Number of protein chains: 2
Amino acid sequence: MREGPDIARVAALVADPARSAMLIALMDGRALTATELAGLGGITKQTASSHLAKLVDGEVLTVEAQGRHRYFRLAGLHVASLLEALMVFSSDAAPPLRTGPRDPALRKARICYDHLAGEMGVRLFERMQADHWLADDLTVTERGNDKLAEIGLNLGNLPPSNRPLCRACLDWSQRRQHLAGRMGKAILDRVLALSWARRLPESRIICFSPEGERGFNRWLS
Amino acid sequence: MREGPDIARVAALVADPARSAMLIALMDGRALTATELAGLGGITKQTASSHLAKLVDGEVLTVEAQGRHRYFRLAGLHVASLLEALMVFSSDAAPPLRTGPRDPALRKARICYDHLAGEMGVRLFERMQADHWLADDLTVTERGNDKLAEIGLNLGNLPPSNRPLCRACLDWSQRRQHLAGRMGKAILDRVLALSWARRLPESRIICFSPEGERGFNRWLS
DNA sequence: CGAATGGTTCGGTTAGGATCGAACCATGAG
DNA sequence: CTCATGGTTCGATCCTAACCGAACCATTCG
C-alpha cells in the first residue's frame, strides 16, 4: 500500500501558511533571523521558533548561530527548486515581490552584526591572511599592525572587552569566511569614519563610494 | 506580511499521506479509478472520494467520467515535476523500507509523467548540453536537430501545443536535471518505438535491452 | 552587577480536517 | 425490473497541530 518516498512529510512542512511565507522570504539565498522571519510570517516569535525548529529538523533549513542571533537559510538548491515547482501552480497571477536592485548591493557589502561582510568583507579577510597581517591563529602580526595604522587604527586604543579580538565568521553570500570580532568592528568603524562607505538606512547594505572603493583596494594592495 | 504565491495551498494538498500515495501512483501518467486509488492509498472509498475531490478542485488532478467510472490523472507535467522535487528529500537519508531488486531498475530508467528520467534521462540531458544540442536557453540548435534526425525525429512534425518544447525537470534519484517538455516525450516515444526499451507493466520502470542500451549510448557519443 | 534583546520551552485552548459508518444516487448486467 | 457495483453525501468522532501568554535561558551592553 503506502510505500515509496515519504513525500507527505516534506510537503506538510511547506503546507503551513506561516512556514511557506518564511520559506519564500528566504528564497533569494539570504540568511534571516528568527524574529525577522516571525514578522514576515505574521506570527509571534514563539510560534516562529516552533516552526523553524520543525523546518530545521526536516532538513529544509539550516541554522547558524552567531552571537545571540540565529541565522536561518534554505538547506540547499533543491529546496529552492521545490518552492519554484510549487509556485508554478499559482503562477498566473502573483507578481513576485522581490529582487529589486538592492540584492546585488547586499551581496557586495553589508553589515554582519557589527562588522563588514559580503564580497568586500571576504576579500579583506583573505588578503589579511595571504599578506600575513594575521598569523594562522588569528593573532595580529607586526605587519598587520602597520597596515592597520595606515587607516589610523591602533588596536591598543580599543576599549577593553572580553570579546575576542579576531574571529572568523562564515559569510552566507560568499560561503567563505570574513573577519568578525572587535577588530572586525573597528575596521568597519574606520571605513565608515573615512567616508569610504556609508550605511543605507533600514537595511544591512554598506554602500561604498567610488573613491572609497579605490581607497579600500589601494589599502589592500 | 503574508503575500506572494500561495504555495501552502498546493503543498497542503500533497501533505496528506493518503493523497500523496495516490499521486505517486499516478506519476506514470496513467489514469486510475477512484476505487483503485482508494486501495493504493489504504483508505475507504468515501475518504478517497473526498480526497480526490480536493485534488481536482485544487487543479492537481483532472477527472474524466466514462460510464460509471471516473478516471483520475495528473493535471500536467508540472505536477509530476513537483512530486519529483519532493522525492529529492527522502532519497538520500532515510534507509528506505523497500530495497528489492526493483529499486536499482527504477533509478536507472523510469518514466516521469511522459518522458525519460533516472540515470539514463540525466545522462541524455547532460550530453545534450555538453555537445550543444541545446543552447543555454534550452532552444534546439542545428546540431541538435541533426542528432534528433538520427533517430528519426523531426521536431517540425510534432503536434502543435502550447506546452514548452524543452523543460528541465529535477530528477529525484539523481539530484540533477533531465529533459521534460514535448521534446522529452518525443524522444522517449522514439526510444520505445525503436524497441531500445520497453515499459514494465504496473510500474514506472523503463527497461532497456542490451542492444537498446548500446544503441542509445552510440547515439549519445 | 542589572537591563535589554534574541530565542526557546511549557501549558492550555482551539480549529481544521482525516476518517469511517450509513444512507443515497447512478450506471450497467441479466 | 432487480441486483451488483462504482461513487458521493452526510454526520459524528477523534486527533493533530497551530497559536499565544507566560516564564525562562543566553548573550551583549552599560
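None of the values given here were measured: they were computed from a predicted structure. Just so it is clear: chains get the letters A, B, ... in the order the sequence lines come, proteins before strands, and each one is counted from 1. All values below come from the heavy atoms of this structure, side chains included, with hydrogens, waters and symmetry mates left out.
- Residue contacts shown for A/Ser50 are absent, as no nucleic acid heavy atom lies under 4.0 Å away.
- Between the CG atom of A/Asp57 and the P atom of C/dT8 there is a distance of 14 Å, rounded to whole Å.
- When rounded to the nearest whole Å, the span between CD of A/Gln46 and C1' of C/dT13 equals 15 Å.
- Considering only side-chain N and O atoms, A/Lys54 lies under 4.0 angstrom from the phosphate OP1 or OP2 of D/dA18.
- The distance from atom CD1 of B/Ile43 to atom OG of B/Ser50, rounded to the nearest 0.5 Å, is 8.0 Å.
- Put simply, CZ on B/Arg9 is 17 Å from C1' on C/dG17, counting in whole angstrom units.
- Going from atom CD of B/Glu36 over to atom P of D/dG7 covers 8 Å, rounded to whole Å.
- For the pair B/Arg70 and D/dT8, the criterion of a side-chain N or O lying under 4.0 Å from OP1 or OP2 is met.
- Taking atom NZ of residue B/Lys45 and atom C1' of nucleotide C/dC25, one finds them 11 Å apart after rounding to whole Å.
- Out of C/dG7, D/dG6, D/dC20, the shortest distance to the side chain of A/Ile43 is found at D/dC20.
- For B/Arg19, counting side-chain heavy atoms from C-beta on, the closest listed nucleotide (C/dA18, D/dC19, C/dG7) is C/dA18.
- Side-chain atoms of B/Thr44 lie closest to C/dC20 of the nucleotides C/dT8, C/dC20, D/dA18.
- OP1 and OP2 of C/dG17 both lie 4.0 Å or more from every side-chain N or O belonging to B/His51.
- Note on B/Arg107 versus B/Glu119: no salt bridge recorded, every NZ/NE/NH1/NH2 to OD/OE distance being 4.0 Å or above.
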Walk me through it: do A/Ile151 and A/Trp219 pass the test side-chain contact (heavy atoms from CB on, under 4.5 Å)?
CA-CA 8 Å; A/Ile151 58 168; A/Trp219 178 49; 3.7 Å; yes

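- As rounded to whole Å, 16 Å separates atom C1' of C/dT8 from atom CG of A/Leu55.
- B/Glu84 and B/Arg110 are joined by a salt bridge, as a carboxylate oxygen and a charged side-chain nitrogen come within less than 4.0 angstrom of each other.
- Contact annotation: B/Thr47 side-chain N/O to C/dT19 OP1/OP2 distance is not under 4.0 Å.
- In this structure, of C/dT8, D/dG6, C/dT19, it is D/dG6 that holds the atom nearest to the side chain of B/His69.
- Straight-line distance from the CE atom of B/Met22 to the P atom of C/dT19: 8 Å, rounded to whole Å.
- Between A/Lys108 and A/Glu213 a salt bridge is recorded (basic side-chain N to carboxylate O distance below 4.0 Å).
- A/Asp16 places its CG atom 13 Å from the P atom of C/dG16, with the value rounded to the nearest Å.
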